[in-house]
Amino acid sequence: MTDTMISSATRETVIGFDRPFVMIGERINPTGRKALAEEMKNGYFSRVEADALAQVAAGAPVLDVNAGIPLADEPAILADTIRLVQSLVDVPLSIDSSIVAALQAGLEAYEGKALVNSVTGEDEQMEQVLPLVAKHGAAVVAISNDETGISEDPDVRFAVAQKIVNRAADHGIPASDIVVDPLVMPIGAMATAGQQVFQLVRRLRNELKVNTTCGASNVSFGLPERAGINSAFLAMAIAAGMTSAITNPLEPEIVRAIRAADVLAGHDPDCATWISTYRPVETESRGRRRGGRRRATA
């Protein structure tokens, strides 16, 4: 069994090898968003509400929720944000924090089977996070770095992922509840970053039989026209076997690339999602163009 099932109180999302690629909406994250950070810190959530509704409307079947604000009560803010988001939308959530107390608060507030984001290969963190994941019956993102940092050697990152999978098993967490992040480095700083990820994804899929994810926008950091790079990266990652990613579902170019890759990978039976998403838009657009020509002629 390679499917990773997560759920809200009323809805399931499955990440799997032979299933449509899962977009995990990245927008509820105050990192680099000063206005959002200030609002969340002071108990105002209008931007959170707008981002939650917009991302689900754009097709995201999972939302990532992060409340990492310096000098703020992250556990309390994260729990409050999760309750709010779950009251607005029915998709499952990824509870995103590097602070164990915040993960615990988020899990206690959550209704359903969450995706915990994340655990690293550091021994101390594994022994804090994995029992929490097991207690709440959650799934978990496994980040392939450890006490030595992020290795530039793909073999080392694979070994770290394998270590986490094995340690999780000791806590009763099956490999199907682990989604490995092979770590995407900025392509502008490391020319081999894309190829390394594609190589790792193939190994993780074929050897460890685990699903994969990443912070897709990292690949384009520091470059112009980032959506173009991110779109191409995601299409190539899907071809290599990646099954989910934290990305921006409000970028039409990114969503189009993901849905096209699903079609070509055979994960959109009868092209049903592609047709239902894009045919009405194309028909309406053609009608407007024809109408515009008639008016011009008249």
Side-chain angles (χ1 to χ4, degrees), residues 4 6 13-16 19-33 36 47-48 50-66 68 85 89 91-97 114-118 139 141-144 179-188 193-194 196-198 200-201 204 211-265 267-268 273-274 277-278:
T4 301
I6 56 178
T13 294
V14 182
I15 304 171
R19 295 178 178 270
F21 189 81
V22 173
M23 292 184 291
I24 303 173
E26 70 179 7
R27 295 283 298 166
I28 305 175
N29 188 332
T31 304
R33 299 181 67 191
L36 177 61
R47 291 176 195 268
V48 169
D51 281 336
L53 293 169
Q55 289 182 107
V56 172
V62 180
L63 299 183
D64 189 74
V65 178
N66 182 297
V85 172
V89 298
V91 300
L93 304 182
S94 166
I95 301 174
D96 186 354
S97 180
L115 178 63
V116 172
N117 185 11
S118 56
V141 174
I143 308 283
S144 51
V179 183
V180 174
D181 183 343
L183 290 170
V184 178
M185 306 300 287
I187 195 75
Q196 284 190 2
V197 168
F198 306 147
L200 270 166
V201 166
L204 291 164
N211 285 300
T212 46
T213 195
C214 70
S217 62
N218 289 347
V219 74
S220 63
F221 182 79
L223 295 175
E225 295 293 337
R226 295 185 65 184
I229 297 288
N230 295 344
S231 301
F233 168 77
L234 283 165
M236 294 176 74
I238 292 169
M242 186 171 280
T243 49
S244 69
I246 300 172
T247 189
N248 186 358
L250 305 185
E251 285 279 1
E253 186 175 357
I254 289 173
V255 176
R256 191 178 298 110
I258 289 171
R259 288 181 173 150
D262 272 341
V263 170
L264 297 172
H267 299 157
D268 183 2
T273 298
W274 181 268
T277 302
Y278 296 112

Review point. Does the pair Ser244 and Val179 meet the rule for a side-chain contact (heavy atoms from CB on, under 4.5 Å), with working shown?
Key: CA-CA 9 Å; Ser244 69; Val179 183; 4.1 Å; yes
Point to revise | Side-chain touch Pro182/Leu204, heavy atoms, less than 4.5 angstrom | key: yes
Check your understanding: For the side chain of Asp268 and the backbone of Trp274, is there at least one donor-acceptor N/O pair under 3.5 Å apart?
Key -> yes
Exercise for review: Could you tell me the separation between the CD1 atom of Ile258 and the CZ atom of Phe21, rounded to the nearest 0.5 Å?
Suggested key: 5.0 Å
Exercise for review: Check whether any side-chain heavy atom of Asn117 sits under 4.5 Å from a side-chain heavy atom of Thr213, and report yes or no.
Suggested key: no
**Study point:** Minimum side-chain heavy-atom gap Thr247-Leu234 below 4.5 Å
**Key:** yes
Check your understanding: Quick one: salt bridge (Lys or Arg N to Asp or Glu O under 4.0 Å) partners of Arg33, sequence neighbours excluded?
Key -> Asp51
Point to revise | Nearest non-hydrogen partners of Leu183 and Ser144, listed with the distance | key: CD1-O, 3.6 Å
Review point. Shortest non-hydrogen contact from Pro61 to Val22?
Key: CG-CG1, 3.8 Å
Study note, to complete from the structure: Rounded to the nearest 0.5 angstrom, the CG-CG distance for Asn29 and Leu36 is 8.0 Å
Practice item. Indicate yes or no: at least one non-hydrogen side-chain atom of Val62 is less than 4.5 angstrom from one of Val91. Key: no
Point to revise | Distance in Å, Ser97 OG paired with Asn66 CG, rounded so as to fall on 0.5 Å steps | key: 6.5 Å
Point to revise | Distance-only side-chain donor-acceptor flag, Asp96 / Ser94, under 3.5 Å | key: no
**Study point:** Heavy-atom side-chain proximity of Ile254 to Pro249 below 4.5 angstrom
**Key:** no
Exercise for review: Would you mind reporting whether Leu115 and Ile24 have side-chain heavy atoms less than 4.5 Å apart?
Suggested key: yes
Point to revise | Closest contact, heavy atoms only, Asp181 versus Gly215 | key: OD2-N, 4.1 Å
Review point. Atom CD1 of Ile187 and atom CD of Gln196: how far apart are they, to the nearest 0.5 Å?
Key: 9.0 Å
Practice item. Using atom types as modelled and distance alone, determine if a side-chain donor or acceptor of Asn211 lies under 3.5 Å from a backbone N or O of Thr243. Key: no
Point to revise | Pairs flagged by side-chain hydrogen bond (donor to acceptor under 3.5 Å, both in side chains) wherever residues 248-264 is involved - sequence neighbours left out | key: none
Check your understanding: In Å and rounded to the nearest 0.5 Å, what is the CG to OG distance from Asn230 to Ser217?
Key -> 6.0 Å
Check your understanding: Applying ring pair (Phe, Tyr, Trp, His ring centres under 6.0 Å), which residue pairs with at least one partner in residues 211-241 are found, sequence neighbours left out?
Key -> Phe198-Phe233
Study note, to complete from the structure: Scanning both residues in full, the closest heavy-atom pair of Ala257 with Ala235 reads O-CB, 4.5 Å
Check your understanding: Mind checking whether Gln55 and Ile28 have side chains closer than 4.5 Å, heavy atoms only?
Key -> yes
Revision key, fill the gap. Tightest non-hydrogen contact, residues Ala240 and Val201, listed as O-CG1, 3.6 Å
Review point. Heavy-atom distance under 4.5 Å between the side chains of Asp64 and Glu26, does that happen here?
Key: no
Practice item. Work out which heavy atom in Leu250 is nearest to a heavy atom in Ala58; give both atom names and the distance. Key: CD2-CB, 3.9 Å
